[in-house]
Amino acid sequence: MRPRWWVPLRDARAYAFVCVCVCVCMYTHARVHVPRLIRSSLNAAANTRVGQRTSARTTTTTTTTTTTTTMAQPHDEVLAAQEAHLNGLADSEERTIFDKIVSKDIPATIIYEDSLALAFRDINPQAKTHFLVIPKIRAGLTRLSKATEEHKMLLGHLMYTAQLVAKQEKLDAGFRVVVNDGVEGCQSVYHLHLHVLGGEQLTWPPGCPPQ
Ligand code: AMP
């Protein structure tokens, strides 16, 4: 036989237990299921776009004899940036694919190298010539907006390298230097990099979403 004070105490414990369970469920849902749901809906949207592009490309190929280009559509980068953001890669200090290129753990077409910077061809070119210039040591520069006073010299060196390699690539008629920052800037690799694009007439403005 329990004493009379036990009944409210037992109810309070049961109530607390239910509260803890609800909190754990909500936390798990927010941390695991919500990002997964968002990711799968993004993937579905991307697959639809890829499907649309494929059918558009097929139509073009059957009606004309124009060679199909291997350049990726800009929206792939939007998706990649959103995925990197959702996967928590943004601003993380984790080793990136560019660190592996610097350490030669994975291959890349390196076109320039000095003690501070490395330039290599973009695997998914958005212009006839498209290469990236990166600092060999990231030094906290996951993105441009992380720059501090101490980075000024390195940033200048990267800009200088961009034009040096552009000359080497014979981009005498002009080129464009782009730095994507953060998810809305379409950044997918969190190791600062300068995109250098050229080799043909570029258009302007860049990167406006279809309305
Ligand atoms: P961003 O979207 O500004 O972060 O640009 C990242 C760029 O890195 C994209 O243009 C990718 O095509 C490029 N990229 C990713 N992996 C590689 C790789 N293994 N080799 C060369 N370029 C890469």
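Computed from heavy atoms alone, side chains included, the values below leave out hydrogens, waters and symmetry copies. Given the structure is predicted, the values throughout are model-derived calculations rather than measurements. Heads up: numbering here begins at 1 and tracks the sequence.
- The nearest pair of heavy atoms linking Asn180 to His195 is ND2-NE2, 3.5 Å.
- To the nearest 0.5 Å, atoms CG (Leu132) and CD1 (Ile110) are separated by 11.5 Å.
- Identified under the salt bridge (Lys or Arg N to Asp or Glu O under 4.0 Å) test for residues 96-113, with sequence neighbours left out: Arg95-Asp105, Lys104-Glu113, Glu113-Lys136.
- Cluster membership for Ile106 and Val189, using ILVMFWY side-chain heavy atoms within less than 4.5 angstrom, is shared.
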>> For Leu197 and Thr129: C-alpha separation, side-chain torsions, deciding distance, then whether side-chain contact (heavy atoms from CB on, under 4.5 Å) applies.
In response: CA-CA 6 Å; Leu197 304 118; Thr129 303; over 6 Å; no
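- Centroid-to-centroid, the aromatic rings of Phe120 and Phe98 come within less than 6.0 Å.
- Across Ser188 and Ala84, no two heavy atoms sit closer than the pair O-CB, 3.6 Å.
- Hydrophobic clustering keeps Phe131 apart from Leu202 (ILVMFWY residues linked when any side-chain heavy atoms are closer than 4.5 Å, directly or through intermediates).
- Aromatic pair His191/His193: centroids not less than 6.0 angstrom apart.
- Ile137 has its side chain out of reach of Leu116: every pair of non-hydrogen atoms, C-beta onward, lies at least 4.5 Å apart.
- The distance from the CG atom of Leu158 to the CD1 atom of Ile134 is 9.0 Å, given to the nearest 0.5 Å.
- A distance of 7.0 Å separates CZ of Arg143 from NZ of Lys146, quoted to the nearest 0.5 Å.
- Within the model, atoms CG of Leu192 and CZ of Arg138 stand 10.5 Å from one another, a figure rounded to the nearest 0.5 Å.
- A heavy-atom distance below 4.5 Å is found between the side chains of Thr161 and Tyr112.
- When the salt bridge (charged side-chain N to carboxylate O under 4.0 Å, His left out) test is applied to Arg121, the partners found at least two apart in sequence or on another chain are Glu169.
- In this structure, Lys128 NZ and Gln201 CD are separated by 11.5 Å, a value rounded to the nearest 0.5 Å.
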Show me, pair by pair, the donor-acceptor contacts under 3.5 angstrom made by side chains of residues 170-178, not counting sequence neighbours?
| from | atom 1 | to | atom 2 | distance (Å) |
| --- | --- | --- | --- | --- |
| Arg176 | NH1 | Thr203 | O | 3.1 |
| Arg176 | NH2 | Thr203 | O | 2.8 |

> Should Leu155 and Leu144 be marked as a side-chain contact (heavy atoms from CB on, under 4.5 Å) after you check the CA-CA gap, both sets of side-chain angles, and the distance that decides it?
Replying inline: CA-CA 9 Å; Leu155 291 172; Leu144 183 60; 4.0 Å; yes
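- Gly198 and Ala127 get closest at one heavy-atom pair: O-CB, 3.8 Å.
- Gln168 places a side-chain N or O within 3.5 Å of a backbone atom of Ile111 that can act as its donor or acceptor partner.
- For the ring pair (Phe, Tyr, Trp, His ring centres under 6.0 Å) test, no residue two or more places apart in sequence or in another chain qualifies with His157.
- Considering every non-hydrogen atom in both Val196 and Ala162, the closest pair reads CG2-CB, 3.8 Å.
- Transitive grouping of hydrophobic side chains (ILVMFWY, heavy atoms separated by less than 4.5 Å) brings Met153 and Val179 into a common cluster.
- With sequence neighbours left out, the salt bridge (charged side-chain N to carboxylate O under 4.0 Å, His left out) criterion links Asp114 to no other residue.
- Legend: residues meeting side chain to side chain contact (heavy atoms under 4.5 Å, CB included) with Tyr160, ordered by chain and number and at least two apart, are Gln163, Leu164.
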